[in-house]
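Residue numbering restarts at 1 for every chain, and letters A, B, ... go by the order of the sequence lines.
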Protein chains: 2
Amino acid sequence: MRGPRARRHHGGHWRVFARVERFTEPALLLLLRERPAHGYDLLERLPELTGEQRVEMGNLYRLLRALEEEGFVTSEWDATSPGPAKRRYAITPAGLKLLEQWVEALRRSQERTDRFLRRYEERR
Amino acid sequence: MRGPRARRHHGGHWRVFARVERFTEPALLLLLRERPAHGYDLLERLPELTGEQRVEMGNLYRLLRALEEEGFVTSEWDATSPGPAKRRYAITPAGLKLLEQWVEALRRSQERTDRFLRRYEERR
DNA sequence: CGTTACATGTGTCTTTTACATATAGCGGCA
DNA sequence: TGCCGCTATATGTAAAAGACACATGTAACG
């Protein structure tokens, strides 16, 4: 750790971003629970959940393959639709369980942050 | 990125831990707003806020010095109290502003996570 | 005198995230 | 036809964040 650098440059000033670690993983699983999709599609829809302008595509594709390796999603090449070949991902039962674990973890995180914010307000 | 490894081993099974990035920074600033303290003291009190069993001491001391370098905290050796010499940290006005930015960022993070959780519940 | 608790620190590796670049299909248009 | 922009997937690598291991010294207690 080298310093308070979570602040990112935005139009001439530094902002603090409070993001949940590895949040793209649950976000991606949630989108896939709603319906199967391919990477580029997820790339466009992820910001709804992450609040980021865009998710790093390189990391997204690697994450998808890592999730597949561990059996949380499956994929197959989709040659039916036009345009360049796309890999269609779907969530597996193991993926649903992982998502559930994420949800529980996120609820605990909410409670922690709530406690923090209340403590901040209480004694200001 | 190599895969979904935010899951940590705990008694034979893997758990997902949803933590806010760099959360020790605001936690530490909040504790210092309440009263000046030295590193070891903060180390013991941080888990109240972070929910972790303990915060990495190495990183904590580095973070404290980084925050001091950027003017968010000040410190001085405290020779008055007995025992080994301790460095007493206090928050500065800039530190208070940084804490405020963290609070705003954390509120936005809460909203994002709320949206995520509602969307999870809505369509299950 | 050895052990434990207090207190501050450095070194270094791994994991996570960011940034840059490569490759290729296809549609439109000048 | 040749170029551009959008779709789509992917690799390489640097930087940031976090984890783990170890070093150093004081002081209290038995």
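Under the 4.5 Å side-chain criterion, counting only non-hydrogen atoms from C-beta, A:Arg19 is not in contact with B:Val20. Considering only heavy atoms from C-beta on, B:Leu117 stays 4.5 Å or farther from B:Glu121 through its side chain. Under the 4.5 Å side-chain criterion, counting only non-hydrogen atoms from C-beta, B:Asp114 is in contact with A:Gln110.
The side chain of A:Glu44 sits closest to D:dT7 out of D:dT9, D:dT7, D:dC22. The side chain of A:Met57 sits closest to D:dA10 out of D:dA10, D:dA8, D:dC22. Closest to the A:Arg19 side chain, of the nucleotides D:dT9, C:dA18, C:dG9, is C:dA18. The side chain of B:Arg62 lies closest to D:dC20 when the candidates are D:dA8, D:dC20, C:dT8. You'll find that the side chain of B:Glu21 is closest to C:dT17, out of C:dT17, D:dT9, D:dC22.
With rounding to whole Å, B:Trp77 atom CH2 is found 8 Å from C:dA7 atom C1'. Put simply, CG on A:Leu43 is 10 Å from P on D:dA8, counting in whole angstrom units. As a whole-Å value, the separation of A:Gln53 CD from C:dT17 C1' is 16 Å. Spacing between atom CG of B:Leu42 and atom P of C:dG9 amounts to 12 Å, rounded to whole angstrom units. Look at CZ on B:Arg54: it is 14 Å from P on C:dC6, rounded to the nearest Å. Between B:Tyr61 atom OH and C:dG11 atom P there is a gap of 17 Å when expressed in whole angstrom units. Going from atom CG of B:Leu63 over to atom C1' of D:dA16 covers 13 Å, rounded to whole Å. Taking atom NE2 of A:His38 as the reference point, atom C1' of C:dG25 lies 13 Å away to the nearest angstrom.
B:Asn59 contributes a side-chain N or O that forms a donor-acceptor pair with the base of D:dA19 under 3.5 Å.
Shown here are the ring-ring contact (aromatic ring centres under 6.0 Å, His included) partners of A:Tyr89, two or more places apart in sequence or in another chain: there are none.
Proximity of B:Arg22 to the phosphate of C:dT17: no side-chain N or O atom is located under 4.0 Å from OP1 or OP2. Within the 4.0 Å cut-off from OP1 or OP2 of C:dT8, not a single side-chain nitrogen or oxygen of B:Tyr40 is found. In this structure, A:Arg87 reaches the D:dA10 phosphate: one of its side-chain N or O atoms is under 4.0 Å from OP1 or OP2.
Judged by distance alone, with hydrogens and angles left aside, the side-chain atoms of A:Ser75 form no donor-acceptor pair with the main-chain N or O of A:Arg87 at under 3.5 Å.
A:Tyr120 carries B:Arg33 over the face of its six-membered ring, with the cationic atom under 6.0 Å from the centre and within 45° of the normal.
If you take CZ on A:Arg54 and CD on A:Glu44, they are separated by 12.5 Å, rounding to the nearest 0.5 Å.
Relative to the axis of its first five pairs, the axis of the last five pairs of the helix from C:dC1-D:dG30 to C:dA30-D:dT1 sits at 10°, rounded to 10 degrees.
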